[in-house]
Protein chains: 2
Amino acid sequence: MVKPRVEQIADVAWELLDTEGEPGLSMRRIAAALGVSAPSLYKHVTCRDDIVALVQGRTLIEGAAVMRRALRRRSADPGLAAAMAYRRWALAHPAQYTLTYGQPLLRHLLPPGLEDQAAMVVVEHAGGDEITARLMFATAHGLISLELAGRFPDDANLDAVWRAAFGRAAH
Amino acid sequence: MVKPRVEQIADVAWELLDTEGEPGLSMRRIAAALGVSAPSLYKHVTCRDDIVALVQGRTLIEGAAVMRRALRRRSADPGLAAAMAYRRWALAHPAQYTLTYGQPLLRHLLPPGLEDQAAMVVVEHAGGDEITARLMFATAHGLISLELAGRFPDDANLDAVWRAAFGRAAH
DNA sequence: ACCTGAACACCGTTCAAGT
DNA sequence: ACCTGAACACCGTTCAAGT
């Protein structure tokens, strides 16, 4: 009833990103956290990118789930609520977010269909309009990545920016 | 009449990013391109971050200049023209763009006022409305970084998305 | 003032060898 | 089937030594 090693590796990788940030995702550190030597990881994973892809997959799935849950809560302004929930979740996992959106997706290492499935939430909420969906996705991503990079002044009213972008009144 | 070494370093760094991408920005490669050993760079620069900051500074200034030039051309839709010119320029220098916007700005190593001066173009074009300026900036950044990361399907009509975001009709 | 080679602590990855 | 230590080619950076 023990988890397969690949899943243990993914778990440890996710935790190391939470605690140590991006440098935590090294073969040697993951191995050390598992009480094993670095080369032995290669029995369960063909290279470091496999591990990056595992993290990217989890990030895509969790992010979509966060939005879906927020939409289901049916608040006064569900779109804004979903955007805000997604923002809060991304800020809580900066290293994972950056690893997933700040560099190319390792598509060939991802379970097929996973990317489309994660994108579905946004497209559905945009009523099937792909242009609107892509614009909403890009706007949220831009705001999050700039906030993560500390790119806005400390006194910037980012809530107001998010409301302007995603609030009911914005359309 | 030779350039100071720091400027030579910045020039070489910029070129290496154009030709080799992000891995090109290594102390050893910059040194080799200058025909010198890596340790000797430390006579002109205190650490690698100094070089990153030099590139970030150039990126901020050039990006702002690109927008300003496009706005001055006074086309039918100057806002859209400026956004498109900025997009085209960013896609032509992906490594520099990522180095400047994909990670924290090294503010303490940047000439004071440079960041604000570069941001001014957008704020001016937004008529001084900071919320709108930040939203436009984030939207453009989000679209560019997702496009650079190959995140949109090949058949995505990105021009239409940019028009929806920045076209005259969008307001 | 400017440069050098050797060295240190890190990477990802390979490989022969052990159980 | 799974793990090991040693090694290789890379990093950024330090330092004693040379001109």
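Naming convention: chains lettered A, B, ... in sequence-line order (proteins, then strands); numbering from 1 in each chain. The figures that follow rest on heavy atoms only: side chains count, while hydrogens, waters and symmetry mates do not.
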**Q** Atom OH of B:Y42 and atom P of D:dA16: how far apart are they, to the nearest Å?
**A** 17 Å
**Q** Counting runs of three or more consecutive pairs, Watson-Crick or G-U wobble, with each distance below 3.5 Å, where are the stems of DNA chain D?
**A** C:4-8 with D:12-16, C:12-16 with D:4-8
**Q** Does B:L25 reach a base, just sugar-phosphate, or nothing at all? Heavy atoms under 4.0 Å.
**A** sugar-phosphate
**Q** With a 4.0 Å cut-off on N to O distance, would you call B:R87 and B:D159 a salt bridge?
**A** yes
**Q** Could you tell me whether the phosphate oxygens of C:dC11, OP1 or OP2, come under 4.0 Å of any side-chain nitrogen or oxygen in A:R48?
**A** no
**Q** List the steps and the verdict of side chain to side chain contact (heavy atoms under 4.5 Å, CB included) for B:L41 and B:L34.
**A** CA-CA 10 Å; B:L41 292 178; B:L34 286 167; 4.1 Å; yes
**Q** Between D:dT13 atom C1' and B:D50 atom CG, what is the distance in whole Å?
**A** 13 Å
**Q** Give the intermediate values and the outcome of side chain to side chain contact (heavy atoms under 4.5 Å, CB included) for residues A:T59 and A:W14.
**A** CA-CA 10 Å; A:T59 305; A:W14 188 274; 3.5 Å; yes
**Q** Taking all non-hydrogen atoms of both residues, which atom of B:R68 and which atom of B:Q117 are closest, and how far apart?
**A** NH2-O, 4.3 Å
**Q** Please list all pairs passing the ring pair (Phe, Tyr, Trp, His ring centres under 6.0 Å) test where one or both residues lie in residues 139-162 of chain A, with sequence neighbours left out.
**A** A:Y97-A:H141, A:Y101-A:H141, A:W162-A:F166
**Q** Quick one: closest heavy-atom pair of A:V55 and A:A13, and the distance?
**A** CG2-CB, 4.2 Å
**Q** Taking all non-hydrogen atoms of both residues, which atom of B:I144 and which atom of B:A90 are closest, and how far apart?
**A** CG2-CB, 3.8 Å
**Q** Can a side chain N or O of B:R29 be found less than 4.0 Å away from OP1 or OP2 on D:dC11?
**A** yes
**Q** Let me know the distance between CD1 of B:I30 and C1' of D:dC10, rounded to the nearest Å.
**A** 15 Å
**Q** Please write out each protein N/O paired with an N/O of nucleotides 3-7 of chain C under 3.5 Å, distance rounded to 0.1 Å.
**A**
residue : atom : partner : partner atom : Å
C:dC3   : OP1  : B:R5    : NH1          : 2.9
C:dT4   : OP2  : B:S37   : N            : 2.6
C:dT4   : OP2  : B:S37   : OG           : 2.7

**Q** On the nucleotide D:dG12, are OP1 or OP2 found under 4.0 Å from the side-chain N or O atoms that B:S26 carries?
**A** yes
**Q** State plainly whether the residues A:E130 and A:R134 are in salt-bridge range, i.e. N to O under 4.0 Å.
**A** yes
